[in-house]
2 protein chains.
Amino acid sequence: MLADVTTEPSHRVLVVDDEESLTDMIASALRFGGYEVSTENNGYDALRSIKRSSPDVVVLDVNMPELDGFEVCKRIRRDGINTPVIFLTARHAIDDKRTGFRQGGDDYLTKPFSLEELGLRVEALLRRTQPESDSSRVSVGELTIDEGAHQVWFGEQEIDLSPTEFRLIHFLAINRGRVMSKAQIVAYVWEYDYDGEYGIVETYVSYLRRKLGPAGAKLIETVRGVGYVIR
Amino acid sequence: MLADVTTEPSHRVLVVDDEESLTDMIASALRFGGYEVSTENNGYDALRSIKRSSPDVVVLDVNMPELDGFEVCKRIRRDGINTPVIFLTARHAIDDKRTGFRQGGDDYLTKPFSLEELGLRVEALLRRTQPESDSSRVSVGELTIDEGAHQVWFGEQEIDLSPTEFRLIHFLAINRGRVMSKAQIVAYVWEYDYDGEYGIVETYVSYLRRKLGPAGAKLIETVRGVGYVIR
DNA sequence: CACCGGGTTCAGCAGACTCTCAGGAAACTC
DNA sequence: GAGTTTCCTGAGAGTCTGCTGAACCCGGTG
């Protein structure tokens, strides 16, 4: 199917390292992965930033002057802040790892590491700590679709849909803003190649518009001669 | 990872590797760290064991004959089982790590690794995942299920259920809010792969609804063409 | 051996869902 | 503005799904 269309608000990651070139590199890699990234270059600023903006994950270098990463982690935990922490360090002595985990760290990467691996670990950690995000929700304006729960709301109102109706609106929603041809729709929603008979799509769009009510009906736009869109 | 002398009930870890000497070594190290450990030596047994005894963490070797670790992880996730997984492997190619994390793994250790580090990572993972499932009790609205005691209440009323009925309602309850397909239900409740015959699920849902009484029957919703949910 | 509780299969029924068709509305072309 | 194309929507037939009662099987127990 199609490209991972992440429709949720992206997760916020704080990257802390005293080498600015490194924070920049990590930050841009994570941004490329779809995260909202901020950076700090020392322990005190990191502490302040964590308290103020409570990111979803902190990537924390151990070896920093003044306040090192372990100390930062220890302090935020002492303050009852439970944000997941991934330690970065050049040391790979087991003693350090022990300290890192004991201090309340969640993961530990030794330099040099691959940026992709960091991304994967951030993702895995988020999957564990942000339980909400696993039921994959899509929203477009007033419309909200929860794939896991198989539920659809328009505003406050829950809309009861048949399986085919659900697949159709879901397909349009994850491709919101892009016009989908009837052929594409049929291929996704009906899962097979159809022979030129696209009347069925029109029928189901009609069903959806009716169920969405007068306000919601406008959500699904017809692009004559091309297909349908949700904007 | 020592010697935390705690009074809490120890966590249960399942260790899976096709080399028995390795499972034994890991198992004894983890036991020393205060965990209750069981082992399996191949993918199929691992699957069965996970479904039956639902451990708190699974340490899973990737490279096994027949059913490899990735596949085991993929299948349990597909069946709606959310148990944390740490992969073990000799490979350290980034491709493998990507596969591991994408399959729903939580951590990834490459051999050779230190047993202490494994212990630390198990501990870190438990720290993240246990608070959510703190006791063996699940509640959804009026419904309360105590897994340990094997008891179910609806409101004040205790409901007497057969073992299969219990596994079914428990599975739906721990996945509350998410629609579970009949295939997922059969895989979890009946512990084997079934071919197309899902009538049994309907029968048991029917039993449950009857036992839950007129008010409770609404708890288990049918999502036609998709599966069942408890919300 | 009869009984009992639990597991499984099956068939009939009701209702939900899918899909086709056709008349009419709307949009586009020239 | 006439003609053409595309789309909308109501109606209905037929299919599929899920619910439930009943029957059967099996192992354990009195």
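Protein chains get the first letters and strands the later ones, always in sequence-line order, with residue 1 at the start of each.
By the 4.0 Å N-to-carboxylate-O rule, B:R77 lies close enough to B:D106 to be salt-bridged with it. Checked for salt-bridge contact, B:E202 and B:K182 meet the test: a charged N lies under 4.0 Å from a carboxylate O. The residues A:R121 and B:D107 are annotated as salt-bridged, a charged nitrogen and a carboxylate oxygen being separated by less than 4.0 angstrom. We find that A:E117 and B:R98 are not joined by a salt bridge, their nearest charged nitrogen and carboxylate oxygen being 4.0 Å or further apart.
Counting to the nearest Å, the C1' atom of C:dT18 and the CZ atom of A:F166 are 18 Å from each other. We find that CD1 of A:I200 is positioned 14 Å from P of D:dC8, with the value rounded to whole Å. Separating the CD1 atom of B:I185 from the C1' atom of C:dT8 is a distance of 17 Å, rounded to the nearest angstrom. Atom CG in A:L161 sits about 10 Å away from atom P in C:dT18, given to the nearest Å. Rounded to whole Å, atom C1' of D:dT5 lies 17 Å from atom OH of A:Y198.
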Where along nucleotides 22-30 of chain C does protein come under 4.0 Å, by heavy atom, of base (B) or sugar-phosphate alone (S), with - for untouched nucleotides? ----BBS--
Letter per nucleotide, 5' to 3', of nucleotides 24-30 of chain D [B base touched, S only sugar-phosphate touched, - untouched; heavy atoms, 4.0 Å]: -------
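One N or O on the side chain of B:S28 and one on the backbone of B:D24 form a donor-acceptor pair closer than 3.5 Å.
Between A:H170 and A:F166, the ring planes are parallel. Angles under 30° get that label, and only those over 60° would be called perpendicular.
Residues from residues 204-221 of chain B with heavy atoms under 4.0 angstrom of DNA chain C, sorted by number: B:Y204, B:Y207.
Listed pair A:W190 / C:dT18 fails the phosphate criterion, with no side-chain N or O lying under 4.0 Å from OP1 or OP2. Under 4.0 angstrom from either OP1 or OP2 of D:dC8 there lies at least one side-chain N or O belonging to A:Y228. Contact annotation: A:K182 side-chain N/O to D:dT6 OP1/OP2 distance is not under 4.0 Å.
Taking the centre of each ring, B:F87 and B:F70 come in below the 6.0 Å mark. Here B:W190 and B:Y198 keep their ring centres 6.0 angstrom or further from each other.
With a 6.0 Å radius and a threshold of 12 heavy atoms from other residues, nucleotides or ligands, A:K218 has its NZ atom at or below the threshold.
Between B:R209 and B:T222, the side chains place a donor N or O and an acceptor N or O closer than 3.5 Å (distance only, hydrogens not considered).
Nearest approach of B:R128 to A:N82, heavy atoms of both residues: NH2-O, 2.7 Å.
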